[in-house]
> 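Questions regarding the structure given below will be posed in turn.
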Amino acid sequence: MFRLVQKRPRRRSLLSRSLTVLLTAVAAFTVSAAPSNAADAGWATLTRTLYLTDSPAAGASAPMSRSIYLAAGNYAWSSAVIDEGLSTASRQIYLAAGWYSWKCTIHAPVANRYQHTCSLDRGAGPAYLDSSQFRLYPSGSYTLKSDLFGPY
């Protein structure tokens, strides 16, 4: 009578598995710790599409926000109502590494006029980006957009 013997799959030793995990972690750290340059720069966007009337009441507003982690460096920061190419604002800014609260609001500081304001705050006081006041015509769907490009 023959006895069927099934081969057990060969197990890797604990040392071999630990070494594989360690080398993978070192490779991941090396990639993430590489210095940033223009080729490594990133792009982050905050957008909201909403219906805007051509005759807003004073005090009307619509906010949008998100949390974002940013590496230390110089950034190009812009915002615009993009559907009509209206009311753009931009600036260059140096930001320290950390988590930021990024907020943008389109509001009517006075009747029949809009303005959009964005802020970045890491907890030590916000940096602002403001547009000038503007009118829009006609009433309709518009997109408010703010971009961060960097670090560079």
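Numbers for residues simply follow the sequence, beginning at 1.
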> Answer with yes or no whether the hydrophobic clustering places Tyr152 together with Tyr94; edges join I, L, V, M, F, W, Y residues whose side-chain heavy atoms lie under 4.5 Å apart.
no
> What pair of heavy atoms forms the shortest contact from Tyr75 to Pro151, and how long is it?
OH-CD, 3.5 Å
> If hydrophobic clusters are built by linking Ile, Leu, Val, Met, Phe, Trp and Tyr wherever their side-chain heavy atoms come under 4.5 Å apart, do Trp99 and Leu95 end up in the same one?
no
> Which value, rounded to the nearest 0.5 Å, describes the distance between Leu144 atom CG and Cys118 atom SG?
6.0 Å
> Could you verify whether a donor N or O on one side chain and an acceptor N or O on the other, from Trp77 and Asp147, lie under 3.5 Å apart?
no
> Donor-acceptor pair, distance only, cut-off 3.5 Å: does the side chain of Ser146 make one with the backbone of Ser78?
yes
> Would Phe134 and Tyr142 show up in the same hydrophobic cluster when neighbours are defined by side-chain heavy atoms closer than 4.5 Å?
yes
> How many angstroms lie between atom OG1 of Thr53 and atom CG of Leu50, to the nearest 0.5 angstrom?
11.5 Å
> Could you report the tightest heavy-atom contact between Arg66 and Thr45, atom names first, then the distance?
NH1-O, 2.9 Å
> Can you list the steps and then say if His116 with Val81 is a side-chain contact (heavy atoms from CB on, under 4.5 Å)?
CA-CA 8 Å; His116 56 92; Val81 177; 4.0 Å; yes
> I need the Ser65 OG to Leu46 CG distance, nearest 0.5 Å.
7.5 Å
> Using the rule that Ile, Leu, Val, Met, Phe, Trp and Tyr join whenever any side-chain heavy atoms are under 4.5 Å apart, tell me whether Leu136 and Val110 fall into a single cluster.
no
> Could you report the tightest heavy-atom contact between Gly98 and Arg122, atom names first, then the distance?
CA-CD, 4.1 Å
> Roughly how far, to the nearest 0.5 Å, is SG of Cys104 from CE of Met64?
4.5 Å
> Check for me, please, whether Tyr128 and Leu120 land in the same ILVMFWY cluster - side-chain distances under 4.5 Å, paths through other members count.
no
> For the pair Arg48 (side chain) and Pro63 (backbone), establish whether a donor and an acceptor sit closer than 3.5 Å, ignoring hydrogens and angles.
yes
> Of the non-hydrogen atoms in Pro109 and Ala58, which two are nearest, and what is the gap between them?
O-CB, 4.4 Å
> Measuring from atom OG of Ser55 to atom CZ of Arg135, what distance do you get when rounded to the nearest 0.5 angstrom?
8.5 Å
> Side chains of Thr49 and Thr143: is there a donor and an acceptor less than 3.5 Å apart?
yes
> State, with a plain yes or no, whether a side-chain heavy atom of Ile106 is found less than 4.5 Å away from one of Leu52.
yes
> Taking Gln133 for the side chain and Tyr114 for the main chain, is one N or O donor matched with an acceptor at less than 3.5 Å?
no
> How long is the span from the CG atom in Leu129 to the OG atom in Ser79, to the nearest 0.5 Å?
4.0 Å
> Show the nearest heavy-atom pair for residues Ala80 and Thr88, with the distance to one decimal.
CB-CG2, 3.5 Å
> For Tyr100 and Leu70, work out which heavy atoms get closest and say how close.
CD1-CD1, 3.8 Å
> Return yes if a side-chain donor-acceptor contact under 3.5 Å exists between Asp54 and Ser139, otherwise no.
yes
> Given the rule in the side-chain hydrogen bond (donor to acceptor under 3.5 Å, both in side chains) test, do Thr117 and His107 qualify, once you have shown the distances and angles that lead to the verdict?
CA-CA 8 Å; Thr117 301; His107 57 100; 3.3 Å; yes
